[in-house]
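Worksheet for the structure shown next.
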Amino acid sequence: MTTKTTKTSPLRGAIRATALVAAVAAMGAAHAQTKTIYIGMNGGNMERTYSQFVFPPFEKANNVKVVVVPGTSTDILAKAQASKDKAQMQVMTLDDGVMYRAIGMGLCEKLKPSANINDIPAIAKIKDSAVGLSMGLTGLAYNTKMFAEKGWAAPTSWGDLADPKLKGKVVVQSMPASSFGLHAFLMFNRLKGGNEKNVDPAFKAWPTTIGPNVVEYIPNSSKVVEMMQAGDAAIFPYTLTQAELMKSKGIPMEYVAPKEGAVVLMTAMCVLSNNPESELAHKLQDYLVSPEAQALAMENGSYNPVTPKAKLQGKAAEEQNKMNAILKNAVAVDWDVINADRPEWNKRWNRTVER
């Protein structure tokens, strides 16, 4: 018995060693087969929300790692242009206005029909090449602490940006660089009798009305909270999503949908042309507009769904109900006209407004 065991132990050991090597090799092969795909999107809260909560189920189901290339819409668009012939990103998310430009440049593949994408309403699709990732609404946010201390009533109109009592207390994101600033400019233009095809009314009135109230034209919204805390910002163009997020962090801020209408500001998403992982990229796009992914983004980052089938509960459901109510009176601007004329608007803005 002992002799038999002694003679066969080396063989058993060899078999076990071989099995172990095979298992390690298999694990290594599986690890090696894990693909990495890149998605361009805003950093900060959006990158955190999607990386921590939204991407993991897709990564696990598809043995893939989704890596965020962070940046503003203009940053992401520039990166996509630079590698147009061989895309370095597979998917990109851009503000809706910038997405119109990207599609016009031939940077986006056509949407692939699916049950999830078919459920998205027409307002959240752009030229059969992009679909909304989240829905936003540009309105006005104000510093509730400052307004209370001054005894001021809450704003109700885009025209309130020109209220003389707010001299030196208005912050506006630069129109050439920001959709927030552009939306404020266009809605003020409408108040003055203009439209997207005629922006003379706003250009003529802004320097003597809103202009004197503006303490600073900022390139994006990242400085808003800092300026609030310094007592420099009383009111500014902002989105419902961002305002709710800041309120949850204890920032004394409230969002108002102006009576003339808030402006639709959608974060849109497309699969880049000429990318080597087109099939997987379309699969990611389809997942990101699924009810499950949209609910995760809303519950963990306050990114309002574009699909009506997202199932929300508690505070997330309350926020979405608020969004749906505001959407009934929301304004959608004409991006085709805007993008055609915006270079000239930008020059005129820099020459006559932000000097």
Do [X] and [Y] have side chains that get closer than 4.5 Å, going by heavy atoms?
X      : Y      : value
Tyr303 : Met298 : no
Met246 : Val224 : no
Lys84  : Gln81  : no
Ile235 : Trp152 : no
Val289 : Ser114 : no
Leu77  : Arg101 : yes
Glu354 : Ser174 : yes
Phe188 : Ile210 : yes

Give a yes or no answer on whether the side chain of [X] reaches the backbone of [Y] with a donor-acceptor pair at less than 3.5 Å.
X      : Y      : answer
Asn189 : Asn195 : yes
Asp163 : Lys165 : yes
Ser83  : Lys79  : yes
Asn213 : Leu161 : yes
Glu254 : Ala141 : no
Gln90  : Leu280 : no
Gln294 : Val306 : yes
Glu299 : Ala316 : no
Asp96  : Met266 : yes
Thr208 : Ala205 : yes

Could you tell me whether [X] and [Y] make a salt bridge, using a distance below 4.0 angstrom between a side-chain N and a carboxylate O?
X      : Y      : value
Asp160 : Lys259 : no
Glu318 : Lys322 : no
Glu196 : Arg190 : yes
Glu279 : Lys283 : no

So which of Glu277, Lys110, Glu109 actually passes side-chain hydrogen bond (donor to acceptor under 3.5 Å, both in side chains) with His282?
->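 Result: among Glu277, Lys110, Glu109, Glu109 is the only option passing the side-chain hydrogen bond (donor to acceptor under 3.5 Å, both in side chains) with His282.
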From [atom1] ([X]) to [atom2] ([Y]), nearest 0.5 Å:
X      : Y      : atom1 : atom2 : result
Tyr142 : Phe147 : OH    : CZ    : 7.5 Å
Lys150 : Lys169 : NZ    : NZ    : 6.5 Å
Phe58  : Ser290 : CZ    : OG    : 10.5 Å
Thr36  : Glu59  : OG1   : CD    : 9.0 Å
Met175 : Asn350 : CE    : CG    : 8.0 Å
Thr267 : Asp95  : OG1   : CG    : 5.5 Å

Decide whether [X] and [Y] are clustered together by the hydrophobic rule: side chain heavy atoms of Ile, Leu, Val, Met, Phe, Trp, Tyr closer than 4.5 Å, transitively.
X      : Y      : answer
Trp345 : Val214 : yes
Trp335 : Leu327 : yes
Ile338 : Met105 : yes
Trp206 : Ile218 : no
Met227 : Tyr255 : no

So which atom in [X] and which in [Y] form the shortest heavy-atom distance, rounded to 0.1 Å?
X      : Y      : result
Cys108 : Met99  : SG-SD, 3.9 Å
Cys270 : Gln285 : CA-NE2, 3.6 Å
Leu296 : Pro57  : CD1-CG, 4.3 Å
Ala268 : Ile126 : CB-CD1, 3.8 Å
Met228 : Pro252 : CE-O, 3.3 Å
Val171 : Phe236 : O-CB, 3.2 Å

Could you go through the side chain to side chain contact (heavy atoms under 4.5 Å, CB included) check for Ile123 and Met135 one step at a time?
-> CA-CA 10 Å; Ile123 196 174; Met135 183 66 74; 4.3 Å; yes
Is atom [atom1] of [X] surrounded by more than 12 heavy atoms (other residues, nucleotides or ligands) closer than 6.0 Å?
X      : atom1 : value
Lys309 : NZ    : no
Lys311 : NZ    : no
Lys127 : NZ    : no
Lys112 : NZ    : yes

Assess the side chains of [X] and [Y]: does a donor N or O sit below 3.5 Å from an acceptor N or O?
X      : Y      : answer
Thr241 : Asn304 : yes
Asn275 : Ser278 : no
Asn339 : Arg342 : no
Gln242 : Ser221 : no
Ser222 : Asn220 : yes

Parallel, tilted or perpendicular for Tyr238 and Phe180, by the 30°/60° rule?
-> perpendicular
If the plane angle is over 60° it's perpendicular, under 30° parallel, otherwise tilted; pick one for Tyr217 and Trp349.
-> perpendicular
Does the ring centre of Phe203 sit less than 6.0 Å away from the ring centre of Phe185?
-> yes
Any chance you could lay out the side chain to side chain contact (heavy atoms under 4.5 Å, CB included) test for Leu288 and Val54, step after step, and finish with the verdict?
-> CA-CA 8 Å; Leu288 291 177; Val54 185; 3.7 Å; yes
Please name the residue in the list Val67, Thr93, Ile76, Leu133 that meets the side-chain contact (heavy atoms from CB on, under 4.5 Å) test with Ile39.
->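 In the set Val67, Thr93, Ile76, Leu133, the residue that makes a side-chain contact (heavy atoms from CB on, under 4.5 Å) with Ile39 is Thr93.
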May I have the step-by-step check of side chain to side chain contact (heavy atoms under 4.5 Å, CB included) for Ile37 and Val91, ending in yes or no?
-> CA-CA 8 Å; Ile37 60 174; Val91 179; 5.7 Å; no
Run the side chain to side chain contact (heavy atoms under 4.5 Å, CB included) check on Val69 and Gln88 step by step: do they pass?
-> CA-CA 10 Å; Val69 178; Gln88 301 301 302; over 6 Å; no
